[in-house]
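Read the numbers this way: they start at 1 and go in the same order the structure lists the ligands and their atoms. All values reported here derive from a predicted model rather than from experimental measurement.
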Amino acid sequence: MDSLLQEIKEKINNIKTLKELNDLKVEYLSKKGPVNELSSKMKDLSVEEKKEYGMKLNAFKLEVNSLFDSLKEQLENEVLNEKLKNETIDITLPSKKVKRGSKHPMSRMVEEFEDLFVSMGYTVYDGPEIESDENCFQKLNLPVGHPARDAQDTFYLENEYENYLLRSQTSTAQVRAMEEHTEKGPIRIVCPGKVYRRDEDATHSHQFMQIEGLVIDENISMADLKGTLELFCKKILGEKTEVRFRPSYFPFTEPSVEVDVSCFKCGGKGCNLCKQTGWIEVLGAGMVHPNVLEMSGYDSKKYQGFAFGTGIDRFAMFKYGIPDIRTIYGNDIRFLKQFDRKDVE
Ligand code: DAH
């Protein structure tokens with residue numbers, strides 16, 4: 001037993017792999033191996049000798065098994081460690097850059113307008129782009145054949161839908177909001193959205209964006225309109241902006257005004273953007289015409305209101321220095337990428 005143990009120890013010391021260990025185990029511990037041979041010697045011994053021999057044999061077997069087991073564990077650990085080492089992920093490597101989209105300049109402008117008006121207690125109203133002639137024109141005091149319709153030639157639907165068109169102005173929201181208000185009480189809304197016209201050049205697109213505002217209440221005056229629009233222009237274009245009101249004409253307002261702002265490029269001195277006038281026209285507005293109120297069920301003796309409308313594209317062109325309106329709708333990624341900057345936010 002002692003010499004066998006010595007032999008096993010020596011062999012085990014040279015073992016490098018689990019396979020070698022397994023082969024050695026088969027060699028020594030299988031049925032026909034030397035360890036078993038020692039056990040089979042029991043049968044030739046007397047009872048007394050069996051006792052002593054048996055104890056020794058047990059201790060011997062325990063030791064041999066523990067030699068095999070501990071080396072097995074050690075070799076298995078080595079294999080695992082090697083595997084872990086080879087499969088290590090270097091988390092310090094720079095990752096692949098994830099491409100991030102950016103907000104379209106129109107979405108930015110719309111959000112800016114909405115935030116401003118919501119902060120003043122307005123709600124955002126959404127109207128359809130396919131509209132009836134009635135809502136787009138007639139109920140805004142532009143009856144069939146009215147010459148002011150010429151400036152808003154748009155796209156008409158055919159056959160049984162011939163009374164429908166692509167809205168040429170968000171002013172249609174005025175009619176919808178008033179008609180939907182069952183109690184005919186106060187209203188304070190802004191309606192941003194797409195509008196359409198038969199236009200196409202560097203500053204006009206067949207599709208563009210407007211935002212409409214409507215306030216209706218008792219005792220609303222021109223002063224409310226003026227204060228609101230002055231604040232609006234300064235908040236969007238900068239506190240230094242000067243605001244000027246000029247008398248104008250719109251069929252749905254009386255009196256009507258056009259609003260100019262001091263040119264933000266030259267500060268009012270005169271440049272190519274403001275065509276040397278120092279002013280840039282940005283808004284149409286006025287006090288809601290009594291006919292418009294009455295046509296949508298409002299008592300014009302009790303209620304007054306003001307309305308305004310402006311092109312969101314124009315504001316974006318000024319604010320971001322976009323020279324051609326068509327690039328806004330061209331969907332060219334190189335154009336959109338220019339707005340993927342923190343300083344635009
Ligand atoms: N809807 C007009 C346009 O598209 C703009 C406008 C002018 C809207 C006066 C208004 C307003 O609400 O009062 O040219």
List ligand 1 atoms under 4.0 Å from [X], heavy atoms only on the residue side.
X	value
Ser171	1 (N), 8 (C)
Gln152	3 (C), 4 (O), 14 (O)
Phe250	7 (C), 9 (C)
Thr253	13 (O)
Gln210	3 (C), 4 (O)
Gly286	13 (O)
Gly284	6 (C), 7 (C), 9 (C), 10 (C), 11 (C)
Gln174	12 (O)

- Task: State yes or no: are the ring centers of Phe117 and Phe308 separated by less than 6.0 Å?
- Result: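 Ring centres of Phe308 and Phe117 closer than 6.0 Å.
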
- Would you confirm whether the ring centroid of Tyr28 sits within less than 6.0 angstrom of the ring centroid of Phe68?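 No, the ring of Phe68 stays outside the 6.0 Å limit from the ring of Tyr28, centre to centre.
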
- Residue pair Asp313, Tyr329: steps toward the side-chain hydrogen bond (donor to acceptor under 3.5 Å, both in side chains) verdict: CA-CA 10 Å; Asp313 317 69; Tyr329 299 106; 2.4 Å; yes

[X] versus ligand 1: do any nitrogen or oxygen atoms come within less than 3.5 Å of each other?
X	result
Ser168	no
Phe308	yes
Ala307	yes

- Pick out which of Glu129, Gln169, Arg167, His206 makes a side chain to side chain donor-acceptor pair (under 3.5 Å) with Tyr196.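 Passing option: Glu129.
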
Give me the residue, atom name and distance of the protein heavy atom closest to [atom].
atom	answer
atom 12 (O) of ligand 1	Glu212 OE2, 2.6 Å
atom 1 (N) of ligand 1	Gln169 OE1, 2.7 Å
atom 8 (C) of ligand 1	Gly309 N, 3.4 Å

- Message: Counting only heavy atoms closer than 4.0 Å, does ligand 1 sit against the backbone of Glu254, its side chain, both, or neither?
- Response: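 Near ligand 1, Glu254 shows nothing, with every heavy atom at 4.0 Å or more.
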
- Option from Trp279, Tyr320, Phe318, Phe315 for which ring pair (Phe, Tyr, Trp, His ring centres under 6.0 Å) with Phe264 holds: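 The residue from Trp279, Tyr320, Phe318, Phe315 that satisfies ring pair (Phe, Tyr, Trp, His ring centres under 6.0 Å) with Phe264 turns out to be Phe318.
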
- Item | Non-hydrogen atom of Phe306 closer than 4.0 Å to ligand 1 |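 For ligand 1, residue contact (heavy atoms, under 4.0 Å) with Phe306 is absent.
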
- Message: Please determine whether any non-hydrogen atom of Arg197 lies less than 4.0 Å from an atom of ligand 1.
- Response: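 Yes, Arg197 has heavy atoms under 4.0 Å from ligand 1.
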
- Query: Are any non-hydrogen side-chain atoms of Asp260 and Val243 less than 4.5 angstrom apart?
  - Reply: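 When only atoms from C-beta onward are counted, Val243 and Asp260 do not touch, as no gap falls below 4.5 Å.
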
- Message: So Tyr122 and Thr228, do their side chains get closer than 4.5 Å, heavy atoms only?
- Response: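 Sidechains of Tyr122 and Thr228: in contact.
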
- Gln210/Thr170 under side-chain hydrogen bond (donor to acceptor under 3.5 Å, both in side chains): CA gap, chis, key distance, verdict: CA-CA 6 Å; Gln210 285 190 333; Thr170 44; 3.2 Å; yes

- Task: Begin with the C-alpha distance, continue with both residues' side-chain angles, and end with the deciding distance and a verdict on side-chain hydrogen bond (donor to acceptor under 3.5 Å, both in side chains) for Glu254 and His289.
- Result: CA-CA 5 Å; Glu254 183 60 39; His289 197 293; 5.4 Å; no

- Tyr125 and Glu212: side chain donor to acceptor below 3.5 Å: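 Tyr125 vs Glu212: no donor-acceptor pair found between side chains.
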
- Ser248 and Glu258: side-chain donor and acceptor closer than 3.5 Å?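 Distance-only check passes for Ser248 and Glu258.
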
